[in-house]
Q: 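I am attaching a structure below and will ask some questions about it afterwards.
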Amino acid sequence: MRRLIIVAVPYLWLLALFLIPFLIVLKISLSDIALARPPYMPQLDLSGGWQAIRDFVSQLDFENFVFLTTDDLYWKAYLSSLRIAAVATFITLLVGYPIAYAMARATPEWRPTLLMLVILPFWTSFLIRVYSWMGILGNEGVLNQVLLWAGLITEPLQILNTTTAVYIGIVYTYLPFMILPIYSTLERMDESLLEAAEDLGCSRLSAFWLVTFPLSRNGIVAGCFLVFIPAIGEFVIPSLLGGSQTLMIGKVLWEEFFNNRDWPVASAVAVVLLLILIIPIVLFQRTEEKAREAER
Amino acid sequence: MAQPSPKPKPSPETAVFEPWNDPEAKPLIEFRNVTKRFGEFTAIDDLSLRIYEREFFALLGPSGCGKTTMMRMLAGFEAPTEGHILLGGQAIDTVPPNKRAVNMMFQSYALFPHLTVFDNIAFGLRRESRDDEKIEARVEEMLRLTRLSKFASRKPHQISGGQRQRVALARSLAKAPKLLLLDEPLGALDKKLREETQFELMDIQEKTGTTFVIVTHDQEEAMTVASRVAVMDEGRIVQVATPEVIYEAPNSVYVADFIGDVNLIRGTAKARGEGTAPAANEAPQEEAPGTTAPPASAPAPATGRHDPQPNAMGRWLHDRLLSPVIGPRRDQPKALPAPEAAAELPPPAPAPESATDIPEGGIEIHWSEGAAPIVASSGDPALDGQQVVLSLRPEKVSIAKEKPQAHNALPGRVIDIAYLGNISTYHVELPDGTMIKAQMANTRRIARRDITWEDEVWVSFTATAGVVLTE
Ligand SMILES: Nc1ncnc2c1ncn2[C@@H]1O[C@H](COP(=O)(O)OP(=O)(O)O)[C@@H](O)[C@H]1O
Ligand SMILES: [Mg+2]
């Protein structure tokens, strides 16, 4: 049941709430910028009948996509986003796995409490939590003050407005998405498998690598996708914590949309981002499907 | 309750396999005063036990009596709180599970779901060797032994329950352990498959020569597969013996009640002295001496101390009437058969018998006010005056409409009939309310059977049919 919910939520999200907005964004990306409200044309006027629709379609073109290839800002931003998301996902896995493992190993009375603690941050606004990281990581921030007071450093560390801060932000924000699927696979694992492995001559450590780890693979894959996919398009974290140094496509998109008010180009950026994301999303769904088949 | 099934015959060149009767034999496993506590709770209570090489040893007991705990201590997952466990004479208390020459087949099978059948079986071998050819040969051998060769490349979720069970067995046998532990290995299988697998297990045990310790709460299963059975209750062993002895000569009411169906009749014992007339109350007067029924089939092996000898009247009857038929009487007391040996004889069929062959000695059990006492020749006269329980298997009680000639015949009324196909169990209520179960083979078609509900009937059994126990 828990597994079903974990799988069904992104599924419903992707299928029901994704298709219609995507078609609208696609339509805008094929339009031209205009000083109007909304700031693009052509506009579709369904009262004009077939003729109006045909006129409307004939005015659409791929100009904006061609434009994306002429400016290296865009593909650099795409690549940098992919890299940051991948590295952050890996760090999240390294942090999240031991936490999930400890939770699954805790006595059953403790597990609900631990689960609550993992979910607890969601009770506060995401924005407020990212803002508070600014307070922690800044030059005058809590972290630097503690380190200075402890005598570990003499100069404040420059963490805020670097890529490091972005990593910290992403790992912090998406950690629950990594922990929960891994926890759910580990918790369901039959303890007697480990005893069987020991009985057959494994040490504790090799039993972990030969049994526990491969059996939590589905949770790891699910967790990685759940972190990686939203992290690519992340906008709030790089703009609040990353400063000007960090180049991520979410930020570019935001600037295109709100600062330049170029909706068609912003939409083209979004469509390309989506095409990039489709690959991991499809892979994700494939592995989920395989995992569910194996369970039956 | 099925009869204990016959054990595979020992091969002619080897003697009967009974290392537990051999004071020279060294046990493979020895529990020495082992106690296991979980916090305040005592799961195993000062238990001592020896299990010998090549044995198929069954731990039998109700759920929660500590069977799994014993297995886990043998495998090394739990350490005894007190006492020691010895394997081949060596204390193994401090040896971790991965260093013991013991393998366990888990109750849940615990197959690795991410590995194929082949890799599951090879798992243990790969931990100790890198020689792929040798590993492959051994796995192939195990696959053949368990008839799984066709499924080598399947994953556990792609095979049936019975096949999974065999993979678990192959995996635990692959390392050729000195001792194989099987924790309720057949619990998840349906009845037919379970019975087939029991014979397969016995076959494999014989082929590999491994010592098996099997846990079960199914007494039929224990009786079928095991060379010896230990009946457990709340962390203690109540009786350890061969299945035949456990069934025919239980040492306590607990064992008698746990193994199969049983009638328990409580009463006060009274020694039957030399001069006791042979069940005068039962000797039917109308019976002409010449028409005395043929001698009963071989009297049941006595489990008491005395080989029954006839009294004066019995001797007279024998010499006058029976000696032409059954030959001269042997006056010499026979050597007492050991309970094991005795139990190997087929259980006596409850046959009509003359009152003349009632064995002397034993006890009478006064079980109900006003009713004739029950004669139990296996009872120890020393029990005189004590409260005793007569344990009587339903298949040793016969039922008839006419009062039969038997040592013990009690009137009653049929309350219920359970038709089990080959046999029927009649539930008969005695005048004092005691319920007696009698089992009869269904040799006739239903329509021709004459005993039915509410009938007034007689239940009868021989003086040797029951086992006298104290509580
Ligand atoms: N790890 C444990 N902690 C506390 N009690 C236990 C533990 N393992 C077993 N027990 C208790 O010991 C008793 C015997 O258990 P077990 O050996 O599993 O019984 P069986 O296998 O005969 O059903 C049970 O009452 C059980 O509750
Ligand atoms: Mg158990």
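By convention in this document, chain letters (A, B, ...) are assigned in the order of the sequence lines, proteins followed by strands, and residues within each chain are numbered from 1. When reading the values below, keep in mind they use all heavy atoms of this one structure, side chains included, and skip hydrogens, waters and symmetry mates. Since this is a predicted model, take the numbers as computed values, not measurements.
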Q: Quick one: closest heavy-atom pair of A/Ala196 and B/Arg171, and the distance?
A: CB-NH2, 3.6 Å
Q: Counting heavy atoms not belonging to A/Phe90, are there more than 12 under 6.0 Å from its CZ?
A: no
Q: Sort B/Arg72 into side chain, backbone, both or neither according to what part of it lies under 4.5 angstrom from a heavy atom of chain A.
A: side chain
Q: Is it the backbone or the side chain of A/Ala197 that comes under 4.5 Å from a heavy atom of chain B, or both, or neither?
A: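 Both backbone and side chain.
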Q: If you draw a 6.0 Å radius around CD in B/Glu53, do more than 12 non-hydrogen atoms from other residues or ligands fall strictly inside?
A: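 Counting neighbours around CD of B/Glu53, 12 or fewer heavy atoms of other residues, nucleotides or ligands fall under 6.0 Å, so no.
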Q: CZ of B/Arg126: more than 12 outside heavy atoms within 6.0 angstrom?
A: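 Counting other residues, nucleotides and ligands, CZ of B/Arg126 exceeds 12 neighbours.
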Q: Of the non-hydrogen atoms in A/Leu193 and B/Pro113, which two are nearest, and what is the gap between them?
A: CD1-CD, 3.9 Å
Q: Sort B/Leu125 into side chain, backbone, both or neither according to what part of it lies under 4.5 angstrom from a heavy atom of chain A.
A: neither
Q: Is B/His114 reaching over with its side chain to a backbone N or O of A/Arg217, donor-acceptor style, under 3.5 angstrom?
A: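 Not confirmed, B/His114 side chain does not pair with A/Arg217 backbone.
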Q: Tell me, yes or no, whether the heavy-atom count around B/Glu234 atom CD, taken from other residues, nucleotides or ligands under 6.0 Å, exceeds 12.
A: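 It does not: B/Glu234 CD has 12 such atoms or fewer within range.
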Q: Considering non-hydrogen atoms only, spot the tightest contact between B/Ser108 and A/Asp190 and give its length.
A: OG-OD2, 3.4 Å
Q: Can you tell me which of B/Ala110, B/Pro156, B/Ala174 forms the most heavy-atom pairs within a distance under 4.5 Å of chain A?
A: B/Ala110
Q: Quick check on B/Phe77 against chain A: is it the side chain, the backbone, both or neither that has a heavy atom closer than 4.5 Å?
A: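 For B/Phe77, the side chain is the part near chain A, not the backbone.
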Q: For a 4.5 angstrom cut-off between non-hydrogen side-chain atoms, does A/Leu210 reach B/Phe123?
A: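 Answer yes - side chains close enough.
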Q: Which value, rounded to the nearest 0.5 Å, describes the distance between A/Ser192 atom OG and B/Leu111 atom CG?
A: 9.5 Å
Q: Report the distance from atom CZ of B/Arg100 to atom CD of A/Glu198, rounding to the nearest 0.5 Å.
A: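 The CZ atom of B/Arg100 sits 11.0 Å away from the CD atom of A/Glu198.
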Q: Might you point out which heavy atoms bring B/Arg127 and A/Cys202 nearest each other, and give the distance in Å?
A: CD-SG, 3.3 Å
Q: With distance as the sole test, does B/Asn103 use its side chain to make a donor-acceptor pair with the main-chain N or O of A/Asp199 at under 3.5 Å?
A: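 Answer holds: yes.
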Q: Under a 4.5 Å heavy-atom cut-off, does chain B meet the side chain of A/Leu194, its backbone, both or neither?
A: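 For A/Leu194, there is no contact with chain B at all, as no heavy atom is under 4.5 Å.
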